[in-house]
Amino acid sequence: MKSADTLTIRPFTAEDDATLISWITSPEMLVQWAGTTFSFPLTSLQLEDYRKEPDSIIWSAEKEGRLIGHLALRKIDHTHNSARIGKVIVGVPEERGRGYAGQMVSHALSTAFDDLQLHRVSLGVFDFNTPAIHAYRKLGFHYEGTYRDFRKVGDTYWNLIEMSMLEDEWRERNA
């Protein structure tokens, strides 16, 4: 893996729609990226509703002024001090494998634990997405379990791995 340049992580705006839409090239890719939140083909209207989602912070990631990634911190719950990371994508193929997803997720974790003072952050990843699983483990996420045959995509069922991190684990890693 090449070392990652620093990204600029900023709010997701309507100006980002066309680029994000261009990354989602199939129904399978849409499910891998967003579960069942959207329908294929992805549209600006769907993304407009997504930007209005309560209890969410949604970001775009830029490298040298070029949009290369997207992610969200969703289901922010101040009663139970928890949230969920989702919709993580490095959409530019030649930028994958360079540590950018790790930077993006670290930004979300810092927001969750340092700014929002949450206790737990979780995420789900399909079991065939080994680069993402490796990145999440490297960041300190712990395996919690597998939902077998969680999502039917075409004629195939996909297993979902559930992972999480607690605030003391985040603080220990960043001390």
Side-chain angles (χ1 to χ4, degrees), residues 1 4-25 28-38 42 44 46-77 82-116 118 120-126 128-142 144 151 160-167 169-170 173-174:
M1 176 175 88
D5 297 319
T6 301
L7 296 177
T8 300
I9 299 175
R10 59 164 178 77
F12 174 61
T13 67
E15 289 75 32
D16 301 327
D17 286 3
T19 301
L20 180 57
I21 289 167
S22 75
W23 295 339
I24 308 302
T25 57
E28 295 80 11
M29 179 64 152
L30 182 67
V31 171
Q32 184 176 351
W33 172 64
T36 58
T37 304
F38 305 112
L42 186 60
S44 288
Q46 291 178 76
L47 294 174
E48 181 181 327
D49 289 342
Y50 168 55
R51 272 189 291 280
K52 296 175 187 173
E53 191 175 86
D55 303 318
S56 295
I57 304 171
I58 307 168
W59 295 284
S60 291
E62 291 182 344
K63 176 186 168 190
E64 300 169 354
R66 178 182 180 207
L67 189 67
I68 69 157
H70 178 93
L71 81 156
L73 185 67
R74 303 178 67 228
K75 299 181 181 180
I76 299 169
D77 179 342
S82 64
R84 191 156 179 87
I85 291 175
K87 298 179 181 47
V88 179
I89 188 171
V90 175
V92 179
E94 60 269 20
E95 300 294 356
R96 294 180 187 144
R98 296 184 176 187
Y100 297 126
Q103 281 188 50
M104 292 162 44
V105 172
S106 288
H107 178 83
L109 290 169
S110 177
T111 299
F113 293 125
D114 299 334
D115 300 340
L116 300 176
L118 299 180
R120 181 178 191 277
V121 175
S122 64
L123 59 81
V125 58
F126 290 109
F128 58 81
N129 192 348
T130 54
I133 294 165
H134 175 75
Y136 298 143
R137 285 189 189 278
K138 187 174 176 182
L139 287 168
F141 279 87
H142 292 267
E144 290 191 333
R151 188 72 65 222
L160 184 76
I161 293 176
E162 188 68 20
M163 302 177 86
S164 71
M165 183 184 295
L166 303 177
E167 66 181 313
E169 295 162 346
W170 169 255
R173 291 184 71 83
N174 293 284

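Using a distance-only test at 3.5 Å, with no hydrogens or angles considered, a donor-acceptor pair links the side chain of S106 to the main chain of G102. The backbone N or O of Q46 sits nowhere less than 3.5 Å from a side-chain atom of D49 that would complete a donor-acceptor pair. Of the possible donor and acceptor atoms, none in the side chain of E95 sits under 3.5 Å from a partner among the backbone N and O of Y100. E167 contributes no side-chain N or O that, together with a main-chain N or O of A112, makes up a donor-acceptor pair within less than 3.5 Å.
D17 is listed as a side-chain neighbour of R51, based on a closest heavy-atom distance under 4.5 Å. Using a 4.5 Å heavy-atom threshold, the side chains of R98 and V90 count as separate. Annotation: side chain of I58 is not in contact with side chain of K87 (no heavy-atom distance under 4.5 Å). The shortest side-chain heavy-atom distance between M29 and L42 does not fall under the 4.5 Å cut-off. The closest side-chain heavy-atom distance from L67 to R10 is below 4.5 Å. Looking at heavy atoms from C-beta onward, L109 lies in side-chain contact with I85 at the 4.5 angstrom threshold. By the 4.5 Å heavy-atom criterion applied to side chains, L118 and W170 are not counted as neighbours. Taking 4.5 Å as the limit, some side-chain heavy atom of D5 sits within range of a side-chain heavy atom of K63.
Remark: E48 engages K52 in a salt bridge, criterion side-chain N to carboxylate O under 4.0 Å.
Put simply, CD1 on I133 and NZ on K138 are 15.5 Å apart, with the number rounded to the nearest 0.5 Å. Between the OG1 atom in T19 and the CD1 atom in I68 there is a gap of 12.0 Å [rounded to 0.5 Å]. Rounding to the nearest 0.5 angstrom, the gap separating the OG atom in S60 from the CG atom in L7 is 11.5 Å. Rounding to the nearest 0.5 angstrom, the gap separating the CD atom in E144 from the CG atom in L123 is 9.0 Å. Distance CE/M104 to CG/L71: 4.5 Å, rounded to 0.5 Å. Here CZ of R137 is found 12.0 Å from CG of L139. Values are rounded to the nearest 0.5 Å.
Classified by interplanar angle (parallel below 30°, tilted 30° to 60°, perpendicular above 60°), the ring pair F38/Y50 is perpendicular.
Of all heavy-atom pairs between E162 and S122, the closest is OE2-CB, 3.6 Å. The minimum heavy-atom distance between V125 and A132, with the atom names listed, is CG2-CB, 3.9 Å. What you find for L73 and A83 is that their closest heavy atoms are CD1-CB, 3.7 Å. Among all heavy-atom pairs drawn from F141 and V121, the shortest one is CE2-O, 3.8 Å.
For the ring pair (Phe, Tyr, Trp, His ring centres under 6.0 Å) test with H70, the passing option among W23, W59, W33 is W33; the others fail.
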Verify side-chain contact (heavy atoms from CB on, under 4.5 Å) between L116 and I57, making sure each step is shown before the conclusion. CA-CA 11 Å; L116 300 176; I57 304 171; 4.2 Å; yes

Would you please test I89 and I24 for side-chain contact (heavy atoms from CB on, under 4.5 Å) and show each step? CA-CA 10 Å; I89 188 171; I24 308 302; 4.0 Å; yes

Under the side-chain contact (heavy atoms from CB on, under 4.5 Å) criterion, do I161 and Y136 qualify, and how do the steps go? CA-CA 11 Å; I161 293 176; Y136 298 143; over 6 Å; no

Apply salt bridge (charged side-chain N to carboxylate O under 4.0 Å, His left out) to E53 and R84, showing your working. CA-CA 14 Å; E53 191 175 86; R84 191 156 179 87; over 6 Å; no

Checking side-chain contact (heavy atoms from CB on, under 4.5 Å) for the pair L166/R120: CA distance, chi angles, key distance, verdict? CA-CA 5 Å; L166 303 177; R120 181 178 191 277; 3.8 Å; yes

